[in-house]
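Take a look at the structure set out below.
The shown structure was predicted, so the numbers you read here are calculated from the model rather than taken from an experiment.
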Amino acid sequence: MPDTISTAPPCSPGENRGLPSLGAEGTALLRRLDDTFEQWGVTAGARPMTMPPLLPAADLRRLDYYENFPHQAVVATAIDVDRRGEYCTDTGCFPCSSLQPAELGLPSASCYAVYLDHEGREVADDTLVTVVGWCFRKEERYEGLRRQLGFHMREIVALGSREHADAHLREFTERITAFARALDLPLRREAASDPFFDKGGSKALLQRLSPVKHEFLFEDLAIASVNTHRNFFGDRCSITLAGTGEPASTSCVAFGLERWLSALTRRYGSWAAATDAVHAANDRLTPVGPVV
């Protein structure tokens with residue numbers, strides 16, 4: 001039996017909790033998309049890496065994560081075995097009193113682990129890394145593959161000179177635009193914002209004058225984004241540019257894989273048609289080299 005498209009009933013048992021499942025066809029398409037985006041990064045010179053699914057909450061706090069994104073934050077901890085009997089049979093939950101302090105954070109984006117992995121290190125001015133990971137966001141409501149508690153994010157991250165970080169975003173803006181055109185998938189690019197900086201500071205003013213984030217939206221759903229952080233993570237993680245000692249600049253390109261599935265199945269009506277469209281788009285596109 002073919003997979004049911006996530007936006008139509010019946011739902012998988014976990015869908016209303018932001019935890020839908022994928023069958024064989026959806027899984028194959030997710031992997032095909034991830035292979036496509038990863039290959040873009042590798043072709044541009046990115047080094048594939050595998051990052052941990054959880055990060056120390058103290059490290060995320062140093063990056064102002066809980067200050068800037070408290071509405072999305074999810075943390076994890078272990079059960080206090082001496083108080084495990086306090087489990088609530090009515091709600092199915094463990095109360096806070098039966099848990100150890102939450103020392104681990106579930107990040108909302110894959111790139112946080114990249115910056116923490118490079119902490120205290122020098123990087124070449126043209127460093128690229130690509131990762132895919134489970135990301136987690138607390139939402140006011142969950143909706144199929146559009147908005148999930150846990151989802152996959154492929155990112156291609158640039159670390160190095162400001163020129164390199166900016167060129168990275170220009171190149172991948174072109175790649176995303178060309179891919180959407182080949183897919184006949186109508187996307188619009190809009191400026192957005194991420195509160196990386198203190199709202200009252202000079203960097204926040206610069207962000208308002210020159211947006212640090214652009215999203216690619218299908219209808220009202222952002223399925224990809226290009227983001228510049230200037231030297232924020234370079235400064236916070238002591239990542240320095242080789243030969244200068246200055247904080248490295250960073251930027252990243254992000255793809256919410258399940259959101260791409262939602263957009264493609266809505267556009268084409270079935271897993272099979274969406275998969276055929278992705279294969280055809282990849283066949284049409286010739287490799288695009290780095291922007292010179």
Would you say that more than 12 heavy atoms from the other residues, nucleotides or ligands in this model lie under 6.0 Å from the CZ of R61, or not?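 No.
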
Would you find more than 12 non-hydrogen atoms of other residues, nucleotides or ligands less than 6.0 Å from R188 atom CZ?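 Atom CZ in R188 is crowded, with more than 12 foreign heavy atoms closer than 6.0 Å.
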
Whether [X] side chain and [Y] backbone form a donor-acceptor pair below 3.5 Å:
{"X": "W260", "Y": "L33", "result": "no"}
{"X": "R259", "Y": "A222", "result": "yes"}
{"X": "R189", "Y": "H214", "result": "no"}
{"X": "R284", "Y": "A182", "result": "yes"}
{"X": "T127", "Y": "V123", "result": "no"}

Nearest-0.5 Å distance that lies between atom [atom1] in [X] and atom [atom2] in [Y]:
{"X": "F37", "Y": "E155", "atom1": "CZ", "atom2": "CD", "value": "12.5 Å"}
{"X": "H168", "Y": "T173", "atom1": "NE2", "atom2": "OG1", "value": "9.5 Å"}
{"X": "L149", "Y": "R17", "atom1": "CG", "atom2": "CZ", "value": "10.0 Å"}
{"X": "W134", "Y": "H152", "atom1": "CH2", "atom2": "NE2", "value": "4.0 Å"}

Among residues at least two apart in sequence or on other chains, which ones pass salt bridge (charged side-chain N to carboxylate O under 4.0 Å, His left out) with D34?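 Testing D34 for salt bridge (charged side-chain N to carboxylate O under 4.0 Å, His left out), a comparison that skips the adjacent residues, returns R154.
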
Set of residues satisfying ring-ring contact (aromatic ring centres under 6.0 Å, His included) with respect to H164, sequence neighbours excluded: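 ring-ring contact (aromatic ring centres under 6.0 Å, His included) check on H164 returns nothing, list empty.
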
ring-ring contact (aromatic ring centres under 6.0 Å, His included) partners of F94, counting only residues at least two apart: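 For F94 the ring-ring contact (aromatic ring centres under 6.0 Å, His included) partners, ignoring immediate neighbours, are Y87.
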
Check the pair I176, W40 against side chain to side chain contact (heavy atoms under 4.5 Å, CB included), reporting the backbone distance first and the verdict last. CA-CA 10 Å; I176 295 167; W40 291 0; 4.1 Å; yes

Could you go through residues 248-257 and list every donor-acceptor pair under 3.5 Å that involves a side-chain atom there, pairing it with any protein atom two or more places apart or in another chain?
residue : atom : partner : partner atom : Å
T250    : OG1  : H229    : ND1          : 2.9
S251    : OG   : A165    : O            : 2.9

Taking only residues two or more places apart in sequence or in another chain, which ones pass side-chain hydrogen bond (donor to acceptor under 3.5 Å, both in side chains) with [X]?
{"X": "D166", "answer": "R162"}
{"X": "E139", "answer": "none"}
{"X": "D117", "answer": "R121"}
{"X": "D80", "answer": "none"}

Are [X] and [Y] within salt-bridge range, i.e. N to O under 4.0 Å?
{"X": "E174", "Y": "R170", "answer": "no"}
{"X": "R266", "Y": "E219", "answer": "yes"}
{"X": "D235", "Y": "R230", "answer": "no"}

Please determine if R175 forms a cation-pi arrangement with F172, meaning its NZ or CZ atom is less than 6.0 Å from the six-membered ring centre and no more than 45° off the ring axis.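 Checked: cation-pi criterion met.
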
Which of these, D184, D276, V278, sits in a side chain to side chain contact (heavy atoms under 4.5 Å, CB included) with Y268?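 Answer to the side chain to side chain contact (heavy atoms under 4.5 Å, CB included) test with Y268 among D184, D276, V278: D184.
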
Partner of L116 by side chain to side chain contact (heavy atoms under 4.5 Å, CB included), out of C237, P107, P52, C111: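 Considering C237, P107, P52, C111, a side chain to side chain contact (heavy atoms under 4.5 Å, CB included) with L116 is found only for C237.
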
Side-chain donor-acceptor pairs under 3.5 Å in residues 71-78, sequence neighbours left out?
residue : atom : partner : partner atom : Å
T77     : OG1  : Q100    : O            : 2.8
T77     : OG1  : P101    : O            : 2.9

Taking all non-hydrogen atoms of both residues into account, name the closest pair between G160 and L241 and its distance.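 Looking at all heavy atoms of both residues, the shortest contact is C-CD1, 3.6 Å.
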
Under the salt bridge (charged side-chain N to carboxylate O under 4.0 Å, His left out) rule, what pairs show up with a residue in residues 98-111, not counting sequence neighbours?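 Pairs touching residues 98-111 that pass the test: none.
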
Side-chain heavy atoms under 4.5 Å apart, restricted to Ile/Leu/Val/Met/Phe/Trp/Tyr: what other residues fall into the cluster of M153, or is it alone?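 Its cluster partners, ordered by chain and number, are F151.
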
Please examine the side chains of L128 and L159, heavy atoms only from C-beta on, and report whether any two atoms are closer than 4.5 Å.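 They are not in side-chain contact.
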
Quick one: list whatever passes side chain to side chain contact (heavy atoms under 4.5 Å, CB included) with P95, sequence neighbours left out.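 Result, side chain to side chain contact (heavy atoms under 4.5 Å, CB included) vs P95: E86, S97, S98.
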
